[in-house]
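I have placed the structure first, in the form of structure tokens, so that the comments after it can refer back to it.
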Amino acid sequence: MRDPLLDFCFRRNDTKKDMPEKNNLMDKIVSLAKRRGFVYPGSEIYGGLKGTWDYGPLGAELKFNIKQEWWKTMVRERDDVVGLSTSILMNPKVWEASGHTAGFTDPLIECKICHQRFRADQEDIIEEHEKFHSKEGKKADWTEAKKFNLLVEAKIGVVEGEKITVYLRGEITQGVHVNFKNILNSSRLKIPFGIAQIGKAFRNEITPGNFTYRSIEFEQMELQYYVKPDEKESMRQYEFWKNLRLDWYKSLGIKPEKLRLREHEKNELAHYARAAWDIEYNAPFGWKECEGVHHRGDWDLARHQEFSGQDMSYFDEESKEKFIPWVIETSGGVDRAMLFFLIDAYAEEGERVILKLNPKIAPYKVAVFPLLANKPRLVELARKIYDDLKKDFMVAWDERGNIGKRYFSQDEIGTPWCVTVDFDSLEKDDVTVRDRDTMKQERIKIGDLKSYFREQINK
Ligand code: ATP
């Protein structure tokens, strides 16, 4: 019998197989990501686990910066939004109420030739597979589509036979809604207000692939914004959040022509959704969803009220009305955002490979080099500058090879500025700062470096 674990193992050419051949750019990104420590295949030394990825030192930094920028825009800079961090494991009734146990499904079909399973609605991947068999002179034949539930199960409990089945949350949304009353009772928020959360979610995806784009374990960053149950006002809020979220990606450097808003077709729309648009990125594997903006009506709170027996309504002091608020949701993937930031930033100029990442999210902001590694006075001053900058920024140190090579190496990981300490620095208290994108160099006083970088980052 075939080992079921093997079906889930990462095979060396998996990422290639999942992507059309023209995806040369994806090959380059996957290889750079592994070589420079952004992303590695999950549990690689054991053959991997399909649909799981580990983030290396630079990937962890980039992901952290993306989340931090999101949190800043969505929570810290707003008076009407608070943050929350809820459990991955929840009472299984939550998922009954939210409709996930019954309806969180994708249509699954199986190839009758090789028994590989696919999502019936992913036409590009199916076409690819049919082409693969037709090259072998075979005509693909498919089983009827059946519903496949995406929730990942886990068992908890200490007594064998009495363990209960729980789910690793399929979305981070429900942790927010079940705490709606807790937030109301422990804060002074008044409607309209929002609750934001970042955290892991898990889905038993039928066809994980396209590198980190579709994984089994991934991170989401979401806002649930509660508004009055009023058509006009809720649509006004909806438009506001839709545009704000699109602008956020642009403000962090994604090329505007690579982004679009797409309204859900009638058959894509969840039955309770009053409006749904996706923010999509034009990836090498097609226009793909990066984030969804959904008008969820009163679905979540009304269902939790029904299933828990608890009152989930809101009392408006001004109008003396009691109602179940409506919800506008913005739901983005951290891993997808990071992948699209990487793709968008990738550039080749002559022999240079550059990640033109916005300085706000670049893993390192600055790299510091002594011009020559065998001149103790240069090394000493460079170290001093490095140690001082480290207190405020993520800084890299490099003293290997020649300066040109060091620049190239930093360009490839997106470091916006390189500081070189040379003999003049010893006399004049200044250094050369070289810009990643323009390659221009300027002399800056050592004492001005911090304010210079701060200004450039916040431009
Ligand atoms: P898709 O249609 O691509 O399966 P979805 O519409 O089911 O996505 P949502 O449920 O709206 O996705 O989830 C919100 C966000 O979470 C998505 O926009 C995406 O960025 C992220 N996300 C969802 N599923 C995955 C996954 N399997 N891997 C990585 N990120 C994901």
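Residue numbers start at 1 and run along the sequence shown. Every number for a ligand or one of its atoms is a count from 1 in the order of the listing.
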(request) Would you check whether R119 reaches within less than 4.0 Å of ligand 1, judged by its heavy atoms? (result) yes
(message) Using a 6.0 Å distance limit plus a 45 degree cone around the ring axis, check whether K365 lies over the aromatic ring of F393.
(response) no
(message) Can you tell whether the side chains of D80 and R78 come within less than 4.0 Å, N to carboxylate O?
(response) yes
(request) Considering heavy atoms of the protein only, find what lies nearest to atom 19 (C) of ligand 1 and give residue, atom and distance to 0.1 Å. (result) R336 NH1, 3.4 Å
(request) Could you check S319 against E321 for side chain to side chain donor-acceptor pair (under 3.5 Å), going step by step and ending with a plain yes or no? (result) CA-CA 5 Å; S319 63; E321 283 172 291; 2.8 Å; yes
(message) Ignoring hydrogens and geometry beyond distance, is a side-chain donor-acceptor pair present between Q305 and S313 at under 3.5 Å?
(response) no
(request) Could you tell me whether E171 and R296 have a side-chain N and a carboxylate O separated by less than 4.0 Å? (result) yes
(request) Considering heavy atoms of the protein only, find what lies nearest to atom 13 (O) of ligand 1 and give residue, atom and distance to 0.1 Å. (result) Q220 NE2, 3.3 Å
(request) Please identify which atoms of ligand 1 are closer than 4.0 Å to at least one heavy atom of S215. (result) 26 (C), 27 (N), 28 (N), 29 (C)
(message) Among all the protein's non-hydrogen atoms, which is closest to atom 29 (C) of ligand 1, and how far away is it?
(response) Y213 O, 3.2 Å
(request) Return the residue, atom name and 0.1 Å-rounded distance of the protein heavy atom closest to atom 22 (N) of ligand 1. (result) F218 CE1, 3.5 Å
(message) For atom 4 (O) of ligand 1, what's the nearest protein heavy-atom neighbour? Residue, atom name and distance, please.
(response) R214 NH1, 2.8 Å
(request) Answer yes or no for R260 and W287: cation-pi contact, defined as NZ/CZ to six-membered ring centre under 6.0 Å and angle to ring axis within 45°. (result) yes
(request) Over 60° means perpendicular and under 30° means parallel, so classify the ring planes of F118 and W142, tilted if in between. (result) perpendicular
(request) Taking the six-membered ring for Trp and the full ring for Phe, Tyr or His, determine whether the centres of F285 and Y213 are under 6.0 Å apart. (result) yes
(request) Give the residue, atom name and distance (to 0.1 Å) of the protein heavy atom nearest atom 7 (O) of ligand 1. (result) R203 NH1, 3.1 Å
(message) If I apply the N/O under 3.5 Å rule, does G332 come out as touching ligand 1?
(response) no
(request) Using only heavy-atom distances, determine whether the side chains of R169 and S87 contain a donor-acceptor pair under 3.5 Å. (result) no
(request) Mark up the atoms of ligand 1 that fall under 4.0 Å of a heavy atom belonging to H294, in ascending order. (result) 11 (O)
(request) Considering the heavy atoms of E291, write down every atom of ligand 1 situated less than 4.0 Å from one of them. (result) 18 (O)
(request) Could you label the plane-to-plane angle of the F180 and F193 rings as parallel, tilted or perpendicular, counting under 30° as parallel and over 60° as perpendicular? (result) parallel
(request) Give yes if a backbone or side-chain nitrogen or oxygen of C290 is under 3.5 Å from a nitrogen or oxygen of ligand 1, and no if not. (result) yes
(request) For atom 18 (O) of ligand 1, find the nearest protein heavy atom and state the residue, atom name and distance (0.1 Å precision). (result) E289 OE2, 2.6 Å
(message) Show the atoms of ligand 1 that are less than 4.0 angstrom away from any heavy atom in E205.
(response) 24 (N), 26 (C), 27 (N)
(request) Considering only non-hydrogen protein atoms, determine which one is nearest to atom 21 (C) of ligand 1 and report residue, atom name and distance to 0.1 Å. (result) G333 CA, 3.8 Å
